[in-house]
Amino acid sequence: MFNDNPQFKDRLARLEKWRAAGVDPFGRRTDGIMSTRVVRDLHTPETPHDGGPAARVAGRIVLLRDIGKLIFLTIVDSTGRLQIGVAKQLMAAHWDKVKLLELGDIAWFSGKLGHTKTGEITLWADDFGLSAKAMLPLPDKFHGLADMELRHRQRYLDLAANPESMEVFVARSRIIQMIREFLHRRDFIEVETPMMQSIAGGAAARPFMTHHNALDIDLFMRISPELYLKRLLVGGMERVFEINRNFRNEGIDTRHNPEFTMMELYQAYSDLSGMMELTESLIADLAADRRRAIMPQPPGESPSAVRLPYGSRMLDFTPPFKRISYNELFERHLGVNMLDEAGVRKAAVSHDVADVDKKAAAVLVGELFERLVEPTLHDMDAPVFVFDYPAGLCPLTRRKPDNPAVAERFELYVAGMELANAYTELNDPFVQHETFSAQLAGLKEEESMAKMDHDFITALAHGMPPAGGLGIGIDRLMMLLLNRTSIRDVVLFPQLKPLPAEQSAAAGSPPAA
RNA sequence: GAGGCCGUAGCUCAGCUGGUAGAGCAACAGACUUUUAAUCUGUGGGUCCUGGGUUCGAUCCCCAGCGGCCUCACCA
């Protein structure tokens, strides 16, 4: 049953002892439970060694030291750990039962707060209950779970055994909450738009396909919510945002998960510079909050400095962020203006770009930028806004009034990652119709933005207010703020290849016993 | 998709030049009323990822496969 873990049968025997003692090993509702954090905070220098305030806590037993007529055990809940002291003289009525507890069990304890002679805050228990019997053993109580594959496949064990992993996901929730609060303060409303779309628009990426049986139509998992959020601008929602999943059918690595969380927002009557202000303010706020959470202010550092560790480096999120134009970077590294088509083609040839003659100049600019400029952004230890992109790369973007070859777009790079992407949105239905029709030479069809969406054009034809739009990759933001170099460490259940047993189960044969 | 590294007890890891495998924790039996990864005594526990090959003999060498991590490619 469950698996062939050799310790399962030992725990089965223990389970029968609980039943023989009249206890349902899988307990029920328990009221009056306080978090271990709250209980720890109840303890003051004036708290007596025992007989302090009454409290009730619950959690999983992660350490257990049975010293005969006295048992110390450590429980963990979502806020941390607490030592429980169980003395026979205080727990005489339930002594035989408390002796049945073992590592991994989930239990609640009532008692009075105090501490031991070494000063450890301890709840001296006089009553307890078994909330859930653990039938399988937990990972090593000291080393935790180190196997990255098991940490991802069985995230519950990672969370239960590795406090730093729990901290990441608790912090992730807090950061997302702060983003919502930040946007609500600015009068944005949160919406949900379709994840299943008949046209996978709004970005250039390969979509997943699925099928609706009753309608007998193929649908795509969305690669972006953009075209739906803009429809809401047409409808009169002037500030909307969505925090939700996008799906892209591409490679998996330390920066890419097939489903990833994106925050996308649109603000009517704003533009690129409005998005820049908003982005800088939001990111700097979040970084400052993390900064306060993780370490004391280093001596001698300015109180306004916001520096966070990331891998082996320190990232500086102190506003204002650097701003540099795409062309300035391009010229610096290529020695040619991005709008000088002849010069760009020459540079592409000299840098051995493939099929130069078959590609649009803007595609060449993009390739050269990625190859020669982006690596230099990787070495920068502070966020950088790169703005004013070649128009050909940004079909959904408004052009600069004084130069139609340049699009009002920025990307925010941090440590080489594209963290945010923003635009002055295109609201001209005629231009939009054109860009949906035109296929840029040198791009694969599935990677192109040219996917005609008549319904969206119709929406624009009714009038969309001018707007600024912004997208922030939430998972990458978490990596940077929480100092994780793999996206799998900030996504609770990252996509992994199925195990052989799961493959055969999916094919219809029974799962391994 | 390419390359490098890795897969040994429930967990964390050793295992030399090829001679049928070890430690700590966990488990089991016992002792212990202030422990801190408690300690002490004793015991059990293995598809060495899978399948081939070489060899008298393979956890170890070779080939293929599966899975993981990292780097690169791909990637609005």
Side-chain angles (χ1 to χ4, degrees), chain A residues 3-11 13-14 49-50 62-74 81 83-91 95 102-104 114-122 124 134-154 157 161-162 202-206 223-224 226 246 248-258 260 262 264 366 369-371 374 389 393-397 407 409-411 417-418 420-423 443-444 446-449 469 471 473 485-486 488-489 494 496-503:
Chain A
N3 69 11
D4 50 4
N5 187 307
Q7 291 185 28
F8 176 72
K9 62 179 184 298
D10 293 328
R11 288 180 176 251
R14 192 72 67 102
H49 148 270
D50 55 17
V62 292
L63 294 174
L64 193 154
R65 300 175 289 278
D66 184 343
I67 317 180
K69 296 184 182 63
L70 177 68
I71 304 169
F72 287 104
L73 42 83
T74 301
R81 295 182 172 214
Q83 175 166 280
I84 311 292
V86 186
K88 187 174 184 181
Q89 63 195 44
L90 284 175
M91 190 64 90
W95 188 247
E102 59 189 331
L103 285 177
H115 50 263
T116 63
K117 64 184 182 188
T118 54
E120 172 106 8
I121 298 174
T122 301
W124 298 104
M135 300 305 297
L136 293 169
L138 255 62
D140 189 285
K141 66 184 181 184
F142 181 65
H143 298 95
L145 191 61
D147 184 320
M148 287 309 298
E149 182 176 1
L150 286 181
R151 291 180 63 184
H152 296 143
R153 286 193 195 280
Q154 296 181 276
L157 291 180
N162 299 333
R206 291 153 66 182
I223 56 174
S224 157
E226 171 159 349
N246 289 343
R248 296 187 182 179
N249 205 341
E250 284 153 5
I252 297 177
D253 61 33
T254 48
R255 289 190 182 80
H256 299 264
N257 195 54
F260 62 99
M262 178 75 93
E264 205 158 301
F369 188 89
E370 276 177 28
R371 267 173 50 183
E374 279 193 9
Y389 276 60
L393 295 177
C394 322
L396 292 179
T397 308
R409 169 192 184 183
F410 75 70
E411 286 200 31
M417 281 201 278
E418 300 161 33
N421 198 356
Y423 311 86
L443 283 181
K444 294 178 205 147
E446 62 195 358
E447 291 164 3
S448 166
M449 302 279 299
T485 52
S486 170
R488 297 183 201 94
D489 291 339
L496 299 173
K497 290 187 186 178
L499 295 173
E502 290 172 345
Q503 284 171 331

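All chains are named by letter (A, B, ...) in the order of the sequence lines, taking the proteins before the strands, and each is independently numbered beginning at 1.
The separation of B:A37 from B:U12, taken at their C1' atoms, amounts to 12 Å, rounded to a whole angstrom. Here the separation of B:G67 from B:U41, taken at their P atoms, is 45 Å to the nearest Å. B:C66 and B:C74 are spaced 24 Å apart, taking the P atom of each and rounding to whole Å. B:C28 and B:G65: their P atoms are spaced 43 Å apart (whole Å). Remark: the separation of the C1' atoms in B:C63 and B:U20 is 23 Å, to the nearest Å. Using atom P as the reference point in both B:U47 and B:G42, the two lie 27 Å apart (nearest Å).
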| remark: Per-nt protein contacts along nucleotides 28-33 of chain B (heavy atom under 4.0 Å; B base, S backbone sugar-phosphate only, - none) come out as S---BB

| request: Classify every nucleotide of nucleotides 42-50 of chain B by which part a protein heavy atom approaches to under 4.0 Å, writing B for the base, S for the sugar-phosphate alone and - for neither, in 5'-to-3' order. | output: ---------

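Not a single side-chain hydrogen bond (donor to acceptor under 3.5 Å, both in side chains) links A:R248 to another residue, sequence neighbours left out. Every residue two or more places apart in sequence or in another chain was checked for a side-chain hydrogen bond (donor to acceptor under 3.5 Å, both in side chains) with A:S224, and none qualifies. With sequence neighbours excluded, the residues satisfying side-chain contact (heavy atoms from CB on, under 4.5 Å) with A:H256 are A:D253, A:R476. Annotation: side-chain hydrogen bond (donor to acceptor under 3.5 Å, both in side chains) contacts of A:R371 (sequence neighbours excluded): none.
A:E264 contributes atom CD, which lies 9.0 Å from atom CG of A:N421 (distance to the nearest 0.5 angstrom).
For A:H152, taking side-chain heavy atoms from C-beta onward, the closest of the listed nucleotides B:U12, B:A26, B:C69 is B:C69. Residue A:T254 places its side chain closer to B:C70 than to any other of B:C70, B:A26, B:C74. Among the nucleotides B:U35, B:G67, B:G10, the one closest to the side chain of A:F72 is B:U35. Taking the side chain of A:A146 as heavy atoms from C-beta on, and the options B:C13, B:G67, B:G10, the nearest nucleotide is B:C13. When distances are taken from the side chain of A:F142 to each of B:A37, B:C70, B:U34, the shortest belongs to B:A37.
A close approach under 4.0 Å does occur between a side-chain nitrogen or oxygen of A:K141 and OP1 or OP2 of B:A38. At B:U35, none of the side-chain N or O atoms of A:R65 fall inside 4.0 Å of OP1 or OP2 (strictly under the cut-off). Using a 4.0 Å cut-off, some side-chain N or O of A:R153 falls inside it from OP1 or OP2 of B:G68. Distances shorter than 4.0 Å separate none of the side-chain N or O atoms of A:R371 from OP1 or OP2 on B:A73.
Counting non-hydrogen atoms under 4.0 angstrom, A:L63 reaches the backbone sugars and phosphates but no base. When heavy atoms are screened at a 4.0 angstrom cut-off, A:L145 is found touching the sugar-phosphate backbone but no base atom. Nucleic acid contact class of A:L103 (heavy atoms, under 4.0 Å, all strands): sugar-phosphate only. Residue contacts for A:G144: at a heavy-atom cut-off of 4.0 Å it reaches the sugar-phosphate backbone alone, with no base atom in range. Nucleic acid contact for A:S486: sugar-phosphate only, since backbone atoms but no base atoms lie under 4.0 Å from a heavy atom of the residue. Residue contacts shown for A:E411 are absent, as no nucleic acid heavy atom lies under 4.0 Å away. Among the atoms of the strands shown, base atoms are found under 4.0 Å from some heavy atom of A:H49.
A:R488 and A:N257 form no side-chain donor-acceptor contact under 3.5 Å, judged by distance and modelled atom types alone.
Look at B:U41: its Watson-Crick or wobble partner, with both distances under 3.5 angstrom, is B:A29. Across all strands shown, B:C13 forms a Watson-Crick or G-U wobble pair with B:G22, both key distances being under 3.5 Å. Under the Watson-Crick or G-U wobble criterion, with both distances below 3.5 Å, B:C74 has no partner in any strand shown. Summarising the base pairing, B:A64 is matched to B:U50 through a Watson-Crick or G-U wobble pair whose two defining distances lie under 3.5 Å.
Screening A:V86, A:L73, A:I71 for a side-chain contact (heavy atoms from CB on, under 4.5 Å) with A:D66, the sole residue that qualifies is A:I71.
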| Pair A:L63-A:R81, side chain to side chain contact (heavy atoms under 4.5 Å, CB included): steps then yes or no | CA-CA 10 Å; A:L63 294 174; A:R81 295 182 172 214; 4.3 Å; yes

| task | For the pair A:I223 and A:R206, evaluate side chain to side chain contact (heavy atoms under 4.5 Å, CB included) and give the outcome as yes or no after the intermediate values. | result | CA-CA 8 Å; A:I223 56 174; A:R206 291 153 66 182; over 6 Å; no

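Side-chain to base pairing of A:D140 with B:G24: one donor and one acceptor N or O lie within less than 3.5 Å of each other. Side-chain N/O atoms of A:H143 and base N/O atoms of B:C11 include no donor-acceptor pair closer than 3.5 Å. Evaluation of atom-type donor-acceptor distances gives no pair under 3.5 Å for the side chain of A:E120 against the base of B:U35.
Positionally, the nearest nucleotide of RNA chain B for A:I252 lies more toward the 5' end than for the other of A:I252 and A:E226. Toward the 5' end of RNA chain B, the nearer of the two residues A:M148 and A:K117, judged by each one's closest nucleotide, is A:K117.
When side chains are defined from C-beta on, A:P258 counts as touching A:I252, because their heavy atoms get closer than 4.5 Å.
Between A:H49 and A:H115, the two ring planes are perpendicular [angle over 60°; tilted spans 30° to 60°].
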